[in-house]
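In what follows, every heavy atom counts, from backbone to side chain, and hydrogens, waters and symmetry copies are set aside.
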2 protein chains.
Amino acid sequence: MPKGNCHGQGWWHGKFRGCGYRLTAGREAILDILSHEEGHLSADDIYIKIHPKYPSVGLTTVYRTLDVLSSLGMVYKLDFGDGRSRYEVAEGPKGAHHHHHLVCTRCNRIIDYTDFIDDEVELLNRTEKGLEKKYKFKITNHLIQFYGVCEECSGKA
Amino acid sequence: MPKGNCHGQGWWHGKFRGCGYRLTAGREAILDILSHEEGHLSADDIYIKIHPKYPSVGLTTVYRTLDVLSSLGMVYKLDFGDGRSRYEVAEGPKGAHHHHHLVCTRCNRIIDYTDFIDDEVELLNRTEKGLEKKYKFKITNHLIQFYGVCEECSGKA
DNA sequence: ATTATAAATGGAAATCATTTCCATTACGTG
DNA sequence: CACGTAATGGAAATGATTTCCATTTATAAT
């Protein structure tokens, strides 16, 4: 039983079982890495991190699991323009705080920010309601990213 | 001289030349397609559309040109999660109207919307200013997308 | 106009993330 | 404990994008 786990095993377990998925060792390992590691991991990053402890978990399984997690809404699949998908745990019941991303187009560094999030979310909710009505579109999620040049890179001119 | 061209050749020309790029036939053809075609074209879409008229322009050149256009900020490179990049002309001096995207996660249809854009942009500008100061990050661009299920797909249940 | 030079090109081959295939294994119900 | 189905791993396939390199072309200088 991992300590400091901000999600609570019960949640994963319930979500999986409820949708007819089985909670295997590999899947737990992947979720565990995602919720304990900082940053925005690619499938390969996760594979590498898991491998020492679970050498039997293959890259294919990592991809498959990330798909499942993503379709369950437990994980967000992100694109920062570097040619590979990146994943991060979604906010669970007691989960991570809502945040958005600043993407440096020079060095590809990602900064998570939570500033102004309340205003953003408030506006987004309003916008979502309006869009849902107008386009008869059921909105489940949103993405906001700002692109630009980070402090280090702008120093380097 | 294309008619109804909402960008004006002068702009492209100036932007290219000013940055030391040469304005070749292939590059013009690509920009032309992008500014006259509806939708969010992939590199291959563009290649196919150009090919009948410019059979000598290769796919490699399409990719290269899109990179240049993208780095000049004349074209946005977008990811809608279907495994290929999509491109659209950025707003030029007299260019296309600012809009964001609704992405259907079932059928991958994209809806452009301009509703609520003014409020969004107002908030974004405020947020950008705050973020720039706090993170010493020079913001050049932003991305907003909503994900969900479109009318047709929710009918199909 | 002519030429020199560096940029741009196309086509084939290479790369690399992701998916597919399929025979084997393991979960969880009965 | 046995069964049926979901899950697995590893190799091979796929498909978008990039790289290579010999050839062509746009542009600035003559």
Mind checking B:G83 for me? I need base, sugar-phosphate or nothing, with any heavy atom below 4.0 Å counting as a touch. sugar-phosphate
Taking for each residue the nucleotide of DNA chain D with the nearest heavy atom, is it B:S85 or A:R27 whose nucleotide lies nearer the 5' end? A:R27
Separation of D:dT17 atom C1' from B:L59 atom CG, nearest Å, is 8 Å
Between CG of B:D67 and P of C:dA8 the distance, given in whole Å, is 13 Å
Please tell me which of the listed nucleotides, D:dT8, C:dT19, D:dC20, lies nearest to the side chain of B:T60? D:dC20
Intermediate values then yes/no, side chain to side chain contact (heavy atoms under 4.5 Å, CB included), A:L69 and A:F16: CA-CA 9 Å; A:L69 291 170; A:F16 262 99; 3.8 Å; yes
Side-chain H-bond candidate by donor/acceptor type, B:E128 with B:H142, under 3.5 Å: yes
Whole Å only: how far is the CZ atom of B:R22 from the C1' atom of D:dA26? 5 Å
Selection from C:dT19, D:dA16, D:dG10 that lies nearest to any side-chain heavy atom of A:R64: D:dG10
Donor + acceptor pair across side chains of A:D45, A:Y87 (<3.5 Å): no
Give the nucleotide from the list D:dT17, C:dT9, D:dT27 with an atom nearest to the side chain of B:T24. C:dT9
Electrostatic pair B:E122-B:R126, nearest N-O below 4.0 angstrom: yes
In whole angstrom, what separates B:I46's CD1 from D:dT17's P? 11 Å
Quick check on DNA chain D: between B:R17 and A:Y47, whose nearest nucleotide comes earlier from the 5' end? A:Y47
Starting from C1' on C:dT25, measure out to OH on A:Y54 and report it in whole angstrom. 18 Å
C:dA17, OP1 or OP2 - any side-chain N/O from A:R84 closer than 4.0 Å? yes
Audit row: B:H40, B:F80, ring-ring contact (aromatic ring centres under 6.0 Å, His included) steps and yes/no: CA-CA 10 Å; B:H40 313 88; B:F80 297 132; 5.4 Å; yes
Would you say C:dT19 has OP1 or OP2 under 4.0 Å from some side-chain N or O of A:Y63? no
To the nearest Å, give me how far apart CZ (B:F16) and P (C:dA7) are. 15 Å
Distance in angstrom units between B:K77 NZ and D:dT18 P, rounded: 6 Å
In whole angstrom, give the distance that lies between atom OH of A:Y87 and atom P of C:dA17. 12 Å
